Amino acid sequence: MTMIANPSTLSLRRAAAPAATALLMLAAMTACAQQPPPAQPAVREAAPRTVAVAQDTRPEPNPAQPAAAKSGEGVAIFAGGCFWCMEPPFDKLPGVISTTSGYTGGHTENPTYEQTTAGNTGHTEAVQVRYDPTKVDYQTLLDVFWRNIDPFAVDRQFCDAGSQYRSGIFPMDAGQRRLAEASKQKVAQRFEGQAIATEITDATAFWPAEKYHQDYYLKNPVRYKFYRFNCGRDARLDQIWGKQG
């Protein structure tokens, strides 16, 4: 079995930054909260119900509301840490209609970003993916999901710590659950002997995040790339899955 060295990431909240990048760092810290991750485990690779989007009544900020899924469209919900970073891999898939950042899996109605990141609502940051099943299937979405998370991390993803950043799959029906369970078993077989922390929980209400979080990687590309790099996301993903996944 191949042993892979532990990664290290920078804390965007606590690390001192050069004066020239101080303003950029402050801007990058306006969303996903970062803490320095603990030593990551070495990766040992073994051989080869339909849920409506909850209505939002918050007057400010006015969140982006995804349009209701049309007949024949599929809906999937995944949590993989900071939702900024989970939109891009799905957006580039042919057949994906839209992605929406939001909150799910909690007990508080109509949560705000501040409430969710405080860790008191039970929600996790997630993305809702609307897709055309004739062009891309749920199994492909699952494959993309796994390749973009750390499946071993408990109540965190990369530099973001807390249950609000836990990874999860939230099936909309029995068919999605069956595929989700099978995909998790496949990952467990690939990394034999290592616990897979990703939860599989039936979908409940999905609350879209505030408007400024939607398509953040497109609207603020420099800040997004700065955050993603310093969080160590891509370095860790390569260590787990390899360059080709």
Side-chain angles (χ1 to χ4, degrees), residues 13 29-35 37 49-69 74-87 90 98-130 138 141-142 145-146 148-174 176-177 180-181 184 195-216 227 231 233:
R13 288 192 182 276
M29 290 190 294
T30 57
C32 304
Q34 304 88 36
Q35 296 181 20
R49 18 201 188 342
T50 302
V51 179
V53 175
Q55 183 178 5
D56 195 298
T57 59
R58 294 170 294 189
E60 291 293 339
N62 185 30
Q65 288 289 345
V75 177
I77 301 175
F78 302 105
C82 179
F83 42 35
W84 288 358
C85 299
M86 291 301 290
E87 287 187 1
F90 291 111
S98 68
T99 56
T100 302
S101 289
Y103 318 109
T104 197
H107 51 74
T108 300
E109 290 192 357
N110 203 23
T112 64
Y113 171 72
E114 289 73 18
Q115 290 172 327
T116 302
T117 55
N120 299 320
T121 70
H123 293 88
T124 183
E125 290 194 9
V127 291
Q128 183 191 70
V129 182
R130 291 175 54 216
Y138 187 69
L141 299 182
L142 285 168
F145 164 74
W146 287 111
N148 283 276
I149 69 160
D150 179 344
F152 314 119
V154 178
D155 286 344
R156 73 178 305 128
Q157 282 290 293
F158 313 101
C159 65
D160 295 316
S163 64
Q164 65 271 32
Y165 297 108
R166 69 189 186 273
S167 64
I169 303 171
F170 300 88
M172 306 294 287
D173 55 36
Q176 286 192 358
R177 170 169 276 279
E181 295 283 5
K184 183 174 181 178
I196 305 302
T198 303
E199 69 176 91
I200 298 178
T201 303
D202 289 342
T204 54
F206 176 88
W207 301 92
E210 293 79 356
K211 186 175 181 179
Y212 66 91
H213 286 302
Q214 308 301 332
D215 297 321
Y216 189 89
Y227 158 76
C231 199
R233 192 178 190 105

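Please read these numbers as outputs of a predicted model, since none were measured by experiment.
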Problem - Set of residues satisfying ring-ring contact (aromatic ring centres under 6.0 Å, His included) with respect to F90, sequence neighbours excluded - result: F78

Practice task
Would you please name every residue forming a side chain to side chain donor-acceptor pair (under 3.5 Å) with Q176, sequence neighbours left out?
Solution key: none

Practice task
Answer yes or no for C231 and C82: SG-SG distance under 2.5 Å.
Solution key: no

Exercise for the section: Kindly give the heavy-atom pair with the smallest separation between R130 and V75, and that separation in Å. Expected result: CG-CG2, 4.3 Å

Exercise for the section: Please confirm whether the backbone N or O of T198 pairs with a side-chain atom of K184, one donor and one acceptor, at under 3.5 Å? Expected result: yes

Handout entry: Shortest non-hydrogen contact between F83 and A209, atoms and distance
Key = CE2-CB, 3.8 Å

Practice task
Measure from the side-chain N and O atoms of R233 to the backbone N and O of N148, and report whether any donor-acceptor pair falls under 3.5 Å.
Solution key: yes

Handout entry: T108 versus T121, side-chain donor and acceptor atoms under 3.5 Å
Key = no

Problem - Which residues share a side-chain contact (heavy atoms from CB on, under 4.5 Å) with A79, sequence neighbours left out - result: T124, A126, F170

Exercise for the section: Show the numbers, then the answer: is there a side chain to side chain contact (heavy atoms under 4.5 Å, CB included) between Y165 and D155? Expected result: CA-CA 6 Å; Y165 297 108; D155 286 344; over 6 Å; no

Exercise for the section: Applying side-chain contact (heavy atoms from CB on, under 4.5 Å), name anything that partners N120, two or more places apart in sequence or on another chain. Expected result: A118

Problem - Within the 6.0 Å centroid threshold, strictly below: W207 and Y103 - result: no

Exercise for the section: Check A180 against P171 and note the closest heavy-atom contact, atom names and distance. Expected result: CB-CG, 4.4 Å

Practice task
Kindly compute the distance separating CD (Q128) from OG1 (T99), expressed to the nearest 0.5 Å.
Solution key: 9.5 Å

Handout entry: Pairing residues for E109 by the salt bridge (Lys or Arg N to Asp or Glu O under 4.0 Å) criterion, not counting sequence neighbours
Key = none

Practice task
Given side chain to side chain contact (heavy atoms under 4.5 Å, CB included), test W146 with I169 step by step and report yes or no.
Solution key: CA-CA 10 Å; W146 287 111; I169 303 171; 3.8 Å; yes

Completion exercise
The reported gap from CG in L141 to CD1 in I77 (rounded to nearest 0.5 angstrom) is 12.5 Å

Exercise for the section: For E87 and S101, test the side chains for any donor-to-acceptor distance below 3.5 angstrom and give the result as yes or no. Expected result: yes

Handout entry: Spacing of OG1 belonging to T204 relative to NE2 belonging to H107, to within rounding of 0.5 Å
Key = 11.5 Å

Exercise for the section: With rounding to the nearest 0.5 Å, note down the distance linking CD1 in I149 to CD in Q157. Expected result: 5.5 Å

Practice task
Evaluate side chain to side chain contact (heavy atoms under 4.5 Å, CB included) for R166 paired with E199, printing each intermediate quantity in order.
Solution key: CA-CA 8 Å; R166 69 189 186 273; E199 69 176 91; 2.5 Å; yes

Problem - pair F206-T100: side-chain heavy atoms closer than 4.5 Å - result: yes

Exercise for the section: Enter the distance from C85:SG to F158:CZ here, rounded to the nearest 0.5 Å. Expected result: 8.0 Å

Completion exercise
In terms of heavy-atom contacts, I200 and R177 come closest through O-NH2, 3.2 Å

Completion exercise
When rounded to the nearest 0.5 Å, the distance separating OH of Y113 from OH of Y212 is 6.5 Å

Practice task
Work out which heavy atom in Y227 is nearest to a heavy atom in C159; give both atom names and the distance.
Solution key: CE1-SG, 4.3 Å

Practice task
Return the set of residues passing side chain to side chain donor-acceptor pair (under 3.5 Å) with T104 (not counting sequence neighbours), or none when no residue passes.
Solution key: none

